[in-house]
Amino acid sequence: MGDVLHANGVATLSIGLRTAEEEARRAPPAGAAELVQRLRLVLEWLAVDAATRCLPVALIGVHEAAALCALAARQPGFEPIRSVVLLDGWVDLRDAEVAAWCQPTLCIAGRHGIARSGQPLAGARSLPPPHRLVKLPMQTQPRVCSGAFQAMACEVTSWLRLRMPSPREPAAPAVDELASAQ
C-alpha cells in the first residue's frame, strides 16, 4: 500500500506503538489510554521537527490499530490531524461514536473468508458526512485477495487528495470562509 501512496505524493511514517521493552518481552499492547498518549507524543514530535512541522497529517489505522485511531479521533489534543483512515478493523460505528469523531474519517473494509468471523464495520451501510464508508467486494482477511491493498490505497489516495492539499499548493477556502468574506 505504501508504494501506491508514495507514487501519488503521499509520504508515510509507520509507527509502532509498543516500546522496545514491550517488544522484547512480546508483551501485549498497552491499554487504550496509554496508546492514545503515545500517539499524542508522536504528533508533538511532528509539530516540533522543522522537516514535518508544515506537513498535513492524516492518521491511518490498519486492522487492530483501526479501533485505536477511531478512539483518538474523538480525543482532545488531536486537532492537528486533518483526516483519519480506518482500514479493515473492528470499529464501533454506532451513531454516538461516529458523532464524536472530530476529523473527517474514511472507513474501508473488505470481505472476510472465515464463516461467522464477523465483518469489520458491520452494521453500517453508510456514514454521515464528512465521513465515508467503503466496503470492498474482495476478501481482505485472513488472506488478502490479489489487488486488495492496491484498491484500499487508491481509495485512501483519493480521500486524502480532497482533504489534504500539498504544502506547496494553497488550500481551497472552506465554505464558511467564503461566506464570511462576502
Side-chain angles (χ1 to χ4, degrees), residues 1-6 8-110 112 118 120-122 124 127 130-134 140-142 144 148-149 152-153 155-157 159-161 163-167:
M1 180 178 309
D3 293 344
V4 174
L5 294 173
H6 295 161
N8 284 281
V10 177
T12 60
L13 170 66
S14 179
I15 54 174
L17 294 177
R18 286 203 264 179
T19 65
E21 181 183 312
E22 289 168 343
E23 287 285 339
R25 290 186 291 124
R26 295 182 184 203
E34 174 64 22
L35 292 174
V36 166
Q37 180 56 30
R38 291 176 189 179
L39 274 176
R40 199 173 272 120
L41 291 172
V42 170
L43 278 179
E44 289 173 9
W45 173 74
L46 290 170
V48 172
D49 188 272
T52 56
R53 180 177 320 145
C54 64
L55 297 176
V57 176
L59 185 59
I60 302 175
V62 181
H63 300 301
E64 293 83 16
L68 172 67
C69 292
L71 174 65
R74 56 182 195 263
Q75 300 294 317
F78 285 87
E79 292 79 11
I81 294 174
R82 300 248 189 110
S83 184
V84 177
V85 177
L86 309 173
L87 298 175
D88 215 26
W90 278 265
V91 177
D92 188 348
L93 295 180
R94 288 178 293 177
D95 292 345
E97 298 297 319
V98 172
W101 291 346
C102 299
Q103 295 85 6
T105 301
L106 172 65
C107 299
I108 303 175
H112 284 217
L121 314 174
L127 293 174
H131 314 299
R132 182 166 176 239
L133 174 63
V134 175
T140 57
Q141 302 254 343
V144 178
F149 286 126
M152 287 182 177
E155 290 285 349
V156 171
T157 300
W159 173 263
L160 294 178
R161 265 200 195 121
R163 282 149 191 82
M164 301 178 59
S166 163

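- Distance check: Leu43 CG to Arg38 CZ gives 15.0 Å after rounding to the nearest 0.5 Å.
- Within 6.0 Å of CG on Asp95 lie no more than 12 heavy atoms contributed by other residues, nucleotides or ligands.
- No side-chain heavy atom of Trp45 sits less than 4.5 Å from a side-chain heavy atom of Ile15.
- Remark: Arg25 CZ is packed, more than 12 non-hydrogen atoms of other residues, nucleotides or ligands lying under 6.0 Å away.
- To the nearest 0.5 Å, atoms CH2 (Trp159) and CD1 (Ile108) are separated by 9.5 Å.
- With hydrogens and angles disregarded, no donor-acceptor distance shorter than 3.5 Å links the side chain of Glu34 to the backbone of Gly31.
- Distance SG/Cys69 to CG/Leu39: 6.0 Å, rounded to 0.5 Å.
- Salt bridge annotation for Glu44-Arg40: absent, with no cationic side-chain nitrogen under 4.0 angstrom from a carboxylate oxygen.
- Each of Leu127, Val85, Leu160, Leu87 was compared with Leu106 under the side chain to side chain contact (heavy atoms under 4.5 Å, CB included) criterion, and only Val85 meets it.
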* Between Val4 and Phe149, is a side-chain contact (heavy atoms from CB on, under 4.5 Å) present by the stated rule, with each step listed? -> CA-CA 9 Å; Val4 174; Phe149 286 126; over 6 Å; no
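- Note that the OG1 atom of Thr12 and the CG atom of Leu5 stand 6.5 Å from one another [nearest 0.5 Å].
- Side chain of Arg82 to backbone of Val57: no donor-acceptor contact under 3.5 angstrom is found.
- Separating the CG atom in Leu93 from the CG atom in Leu133 is a distance of 7.0 Å, to the nearest 0.5 Å.
- In terms of modelled atom types and a separation under 3.5 Å, the side chain of Thr105 and the main chain of His131 share no donor-acceptor contact.
- The nearest pair of heavy atoms linking Ser83 to Arg163 is OG-CD, 4.2 Å.
- One finds the SG atom of Cys54 at 11.5 Å from the CG atom of Leu46 (value rounded to the nearest 0.5 Å).
- Heavy atoms only, all atoms of each residue included: Arg74 and Ala100 are closest at CB-O, 3.0 Å.
- In terms of heavy atoms, Gly61 sits closest to Ala66 at O-CB, 3.7 Å.
- Under the 3.5 Å distance criterion, the side-chain polar atoms of Glu97 are left unmatched by any main-chain donor or acceptor of Val91.
- Between the side chain of Asp92 and the backbone N or O of Arg94 there is at least one donor-acceptor pair closer than 3.5 Å.
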